[in-house]
Structures are given as structure tokens and as C-alpha cells.
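Working notes, structure below.
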Amino acid sequence: MFYRHLKGHIEALLFANGNPISADKFAEILEIDRENVSLLLEELKQDMANSERGLTICEVADGYQLCSKPELVDIIGRLVDVHEARLSQAAMETLAIIAFKQPVTRLEMENIRGVKVDGVVSTLSDRGLIHEVGRKDAIGRPILYGTTDEFLKCFGLKNLDELPNLAEFIDNNEKP
């Protein structure tokens, strides 16, 4: 491949940025077409998968990110004292409502859950998992909420299309 010398550039950009980078952004920075970027990324992924390296490239939030390999979690845990910030059951339920129904208002979330969601929405917003996406064209112009790229990164999704089909999930669980 003509652009193989740019694999190191891609790796360096992924390392330096830390956050997902889209193929379009790589194409712009490296001044090559998107198709060649995709080929280089795929080749770089293969290089990392076929070696004893500790890193891999993950597709998240409609971009690519350098990540440590999942099988190395124990050794990484020895380096840092990681305290997982777990979400409560209420937060997970509310986040699921937002993910599947977005854009959605607080009142709509409360009608589904049957309880107030003010504190949970605040927590999810503080953690960067949801954000305001606009206002509903209704009395009072309530705030509409949606998920963020941080939500996609946390759940390892490329985009919202990777969420499971909720109707199929519910149908499968209701069968005896």
C-alpha cells in the first residue's frame, strides 16, 4: 500500500488525542482519502491483534480510539487503584429510557419510571453521559435530553444504531 508509512502517524495521533478520532478527521489531517485511512486503520488493527502488544484500536462513538487490550485489565489494575464509578439501578433505568427514547423530557422519563428523575438526570449529566439536545415544542418548552459520545465510549458502541432492538428484546423476555 502506498500510504503504509502513515501507519505510525495514525498510531501517534490516536495516542496523543486519547479520544475517538473519525476517519474523516484522519483523512483531513493526513491529507489522504477516507478509503485509504480505513485501509490503514484496518492494517494497524491487524498488526496489533497479531502481536504480543498491549494495545488495540477500538471503534467507538463514530471514531477510532487506542485502548488497552481487555485481557490486560488485571495488570493495569496493579498500576492504579481504580475505583469504578458504578451507576445505581435508578440511573441505569433512566439512562436506558434516554438512550432508547431520545430526545426525551424529564416528564416523559418520570411517566415511564413512575418516580421523579431530577437527581438521576443531574447525576447522568454530571458524568457526561447525557446532555440537553433542545427544547420540546410544547407548553413550558421542556428540555429534551439525549446521550453523548461519552455514553457511546462507556458502553463500547460505535453509534446509537448498535443499541439492541428494544421490541425484540422485550418480546424474547416475555415468552415462557
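Source: prediction; values computed, not measured.
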Practice item. Could you pull out the closest heavy-atom pair between Leu95 and Leu124, with the gap in Å? Key: N-CD1, 3.9 Å
Check your understanding: When you look at His131 and Val133, which way does the side-chain contact (heavy atoms from CB on, under 4.5 Å) test go after all the steps?
Key -> CA-CA 6 Å; His131 65 140; Val133 295; 3.6 Å; yes
Review point. Is there a side-chain contact (heavy atoms from CB on, under 4.5 Å) between Leu144 and Arg135 once you walk through the steps?
Key: CA-CA 5 Å; Leu144 291 166; Arg135 297 248 178 199; 5.8 Å; no
Check your understanding: Using the ring of each side chain (for Trp, its six-membered ring), is Phe151 parallel, tilted or perpendicular to Phe155, with breaks at 30° and 60°?
Key -> tilted
Exercise for review: Indicate yes or no: at least one non-hydrogen side-chain atom of Ile32 is less than 4.5 angstrom from one of Leu6.
Suggested key: yes
Check your understanding: Does any N or O in the side chain of Thr94 come within less than 3.5 Å of the main-chain N or O of Ala90, such that one atom is a donor and the other an acceptor?
Key -> yes
Check your understanding: How far apart are the closest heavy atoms of Arg4 and Leu40, and which atoms are they?
Key -> CA-CD2, 4.0 Å
Review point. Just by modelled atom types, is the Val121 backbone N or O under 3.5 Å from a matching donor or acceptor in the Ser125 side chain?
Key: no
Check your understanding: Got a donor-acceptor contact below 3.5 angstrom from the Gln65 side chain to the Val60 backbone?
Key -> no
Exercise for review: Quick one: pull up CD1 in Ile139 and CZ in Arg141 and give me the separation to the nearest 0.5 Å.
Suggested key: 12.5 Å
Point to revise | Distance, nearest 0.5 Å, that separates CD1 of Ile97 from CD of Glu110 | key: 10.0 Å
Point to revise | Whether over 12 other heavy atoms sit under 6.0 Å from Asp137 CG | key: no
Point to revise | Nearest non-hydrogen partners of Arg86 and Arg127, listed with the distance | key: O-NH1, 3.4 Å
Check your understanding: Do Ser22 and Asp62 pass the side-chain contact (heavy atoms from CB on, under 4.5 Å) test, and can you show the C-alpha distance, the side-chain angles, and the key distance before you say yes or no?
Key -> CA-CA 6 Å; Ser22 70; Asp62 285 328; over 6 Å; no
Point to revise | Side chain proximity check, Leu30 to Leu13, heavy atoms < 4.5 angstrom | key: yes
Review point. Between Glu108 and Arg113, does at least one N-O distance fall below 4.0 Å, as a salt bridge requires?
Key: no
Check your understanding: Quick check: does any side chain N or O of Gln102 sit under 3.5 Å from a backbone N or O of Tyr145, one acting as donor and the other as acceptor?
Key -> no
**Study point:** Glu71, CD atom: more than 12 neighbouring heavy atoms under 6.0 Å
**Key:** yes
**Study point:** Asn19 side, atom CG; Asp149 side, atom CG - distance, nearest 0.5 Å
**Key:** 9.0 Å
Exercise for review: Measure the OG1-NZ distance between Thr148 and Lys153 for me, rounded to the nearest 0.5 Å.
Suggested key: 8.5 Å
Check your understanding: Is there a side-chain contact between Phe26 and Leu14, using heavy atoms and a 4.5 Å cut-off?
Key -> yes
Exercise for review: Grab the two heavy atoms, one from Leu66 and one from Ile57, that are nearest each other, plus how far apart they are.
Suggested key: CD1-CG1, 4.2 Å
Exercise for review: Determine, for Asp24 against Arg34, whether the closest basic-nitrogen to carboxylate-oxygen distance falls under 4.0 angstrom.
Suggested key: yes
Review point. Which residues satisfy the salt bridge (Lys or Arg N to Asp or Glu O under 4.0 Å) test with Lys69, sequence neighbours excluded?
Key: none
Point to revise | Side-chain touch Met48/Lys45, heavy atoms, less than 4.5 angstrom | key: no
Point to revise | Test side-chain contact (heavy atoms from CB on, under 4.5 Å) applied to Leu152 and Leu160, step by step | key: CA-CA 8 Å; Leu152 296 174; Leu160 292 174; 4.0 Å; yes
Review point. Which atoms form the tightest heavy-atom contact between Ala27 and Asp33, and what is the distance?
Key: CB-C, 4.2 Å
Check your understanding: So do the side chains of Arg106 and Pro142 get within less than 4.5 Å of each other, counting heavy atoms only?
Key -> no
**Study point:** Glu11/Arg53 ion pair, N-O < 4.0 Å
**Key:** yes
Exercise for review: Determine, using the 4.5 Å side-chain heavy-atom cutoff (strictly less than), whether Val37 and Ile29 are members of one ILVMFWY cluster.
Suggested key: yes
Point to revise | Short side-chain to backbone donor-acceptor contact, Glu59 and Tyr64, under 3.5 Å | key: no
**Study point:** Inter-residue atom distance Leu87.CG - Glu93.CD, 0.5 Å rounding
**Key:** 11.5 Å
Check your understanding: Is it true that Ile112 and Val115 fall in one hydrophobic cluster, defined by side-chain heavy atoms closer than 4.5 Å?
Key -> no
Check your understanding: Under 3.5 Å, side chain of Thr105 to main-chain N/O of Ile143, donor-acceptor pair present?
Key -> no
Point to revise | Gap between atom CG of Leu44 and atom CG of Leu55 - 0.5 Å precision | key: 10.0 Å
Review point. Are any of the side-chain nitrogens in Lys7 or Glu43 under 4.0 Å away from the carboxylate oxygens of its partner?
Key: yes
